[in-house]
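Working notes, beginning with the structure itself.
Proteins come first, then strands; the chains are lettered A, B, ... in the order of their sequence lines, and each starts at number 1.
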There are 2 protein chains.
Amino acid sequence: MPTTANTIMSVAIELFYKKGYFATSLSDIARLCGIKKASLYYHYPKKEDLLKAILVNAMQAVARVLDEALAGNAAIDVKLARAIAAHVDFHIKHQKEVLISDSELRGLSPDNRETIIAMRKAYEARIQALIAEGVEAKVFARTNVKVASYAILTLCSAVANWYRTNGPLTGIEIIRVYQDLILNGLREGKGLRFS
Amino acid sequence: MPTTANTIMSVAIELFYKKGYFATSLSDIARLCGIKKASLYYHYPKKEDLLKAILVNAMQAVARVLDEALAGNAAIDVKLARAIAAHVDFHIKHQKEVLISDSELRGLSPDNRETIIAMRKAYEARIQALIAEGVEAKVFARTNVKVASYAILTLCSAVANWYRTNGPLTGIEIIRVYQDLILNGLREGKGLRFS
DNA sequence: GTCTATATGCAGATAGAC
DNA sequence: GTCTATCTGCATATAGAC
């Protein structure tokens, strides 16, 4: 039995995803929750609080998933493969939250926006560290680590834009494809060699 | 000397890009144009007309760029390489319009939205035809053509999210990287093999 | 915790003078 | 073509009863 706050949150995710943050009114949300819009304010004092919670939760969740993927020892290319798997898996399992995160950041006040950007940078830094370690160990070709990380992360995030649950591919198949593509690309002379 | 209509259009692109379509008011646009908001209605009867024009122009322009890239004969992998170059080049030269196209489609009425989606599908179909031809000719490995096209197009479009004009890389360098990555990926056993 | 009623503001859009 | 003035509606948010 979900709490009212939880119901509101899932309805908000649904509508922000489908119509966008600004185009979604609190009346829309209230109607779908089966309550009056004034009641929303008891649970979330401002509309922006809903958006902020969605983005913070998503960032924390994906960071946790990365934690698990990187726990334990492994060769650096295996580690990166696991990170890719975790990232892609999260992005196909949480398409709505992730697409909201990508397109509604501007709905936040400067303070809240900075919070999210900082979380995002911390996440990127962990991927960059993996790439740098692989380059250091000469497992990957020399490359501009930051640029490579942007290319890889946008590539792996973009899957949220086209993946469909009833599509012809399972998540595992897609992960396999992206792992091959990126790891081949990072090895000597094969692709992701940003100078 | 730009016409007023043109000024309005560039201001709209600037603001829709920076703040988003819904968060941009016609007063904002008018102020930056140095006119009163009622004057906007002489040039564009509805706010949505501005958004529609941006999306239609962008789609027409990128389709034209693809025309040029595919004019003349060439081997199928060379053709695809040219298509990638054209697509990436367009996406780094028109970042704002392209990012608006990607995130503000919901600002359009159903009719207008359908128009854009149809243009988009036609564009995708041309890329799919290239991939299919390469598979047919056994230059590329067998793969799910539609899925491969989505992966490739989102990959090549995502560059608009991270490319910076004063960044460390030129457009040509990025194009080279993406061409290598994708063409290697499509050849036998190297990556973009969606079953 | 949820309700009814309402305050307040600004949005998109129009009318009509110049 | 641009202006001033205004219409109309809906948005977020609050007050206070139950």
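- Candidate nucleotides C:dA13, D:dA15, D:dT12 were compared by shortest atom distance to the side chain of A:Ser25, and D:dT12 ranks first.
- Between B:Phe22 atom CZ and D:dC10 atom P there is a gap of 15 Å when expressed in whole angstrom units.
- Note: CG (B:Leu26) to C1' (D:dT2) measures 16 Å, nearest angstrom.
- Ring geometry for B:Trp162 versus A:Phe194: interplanar angle over 60°, hence perpendicular rather than tilted (30 to 60°).
- If you check C:dC3, C:dA13, D:dT12 against the side chain of B:Lys47, the one that comes closest is C:dA13.
- A:Ile84 is listed as a side-chain neighbour of A:Cys156, based on a closest heavy-atom distance under 4.5 Å.
- For the OP1/OP2 pair of D:dT2 and a distance below 4.0 Å, the side-chain nitrogens and oxygens of B:Thr4 include at least one atom meeting the criterion.
- The side chain of B:Lys36 lies closest to D:dT4, out of D:dT4, C:dG1, C:dC3.
- Heavy atoms of B:Thr3 sit nowhere under 4.0 angstrom from any nucleic acid atom.
- Residue A:Ser39 places no side-chain N or O under 4.0 Å from the OP1 or OP2 atom of C:dG1.
- Checked for salt-bridge contact, A:Asp180 and B:Arg193 miss the test: no charged N lies under 4.0 Å from a carboxylate O.
- Atom CZ in B:Arg31 sits about 9 Å away from atom P in C:dA11, given to the nearest Å.
- Heavy-atom distances to DNA chain C give each of A:Lys37 and A:His43 a nearest nucleotide, and the one nearer the 5′ end belongs to A:His43.
- The side chain of B:Ala38 lies closest to C:dA15, out of D:dA13, C:dT2, C:dA15.
- Salt-bridge check for A:Arg126 with A:Asp67: passed, with a basic side-chain N closer than 4.0 Å to an acidic carboxylate O.
- If you find the closest nucleotide of DNA chain D to A:Ser27 and to A:Pro45, the one lying nearer the 5' end belongs to A:Ser27.
- Separating the OH atom of A:Tyr42 from the P atom of D:dA15 is a distance of 17 Å, rounded to the nearest angstrom.
- Between A:Ile117 and A:Leu105 the shortest side-chain heavy-atom distance falls below 4.5 Å.
- In this structure, A:Asp49 atom CG and D:dA13 atom C1' are separated by 12 Å, rounded to whole Å.
- Straight-line distance from the OH atom of A:Tyr41 to the P atom of D:dA17: 20 Å, rounded to whole Å.
- One can place NZ of A:Lys19 at 13 Å from P of D:dC10, the figure rounded to the nearest angstrom.
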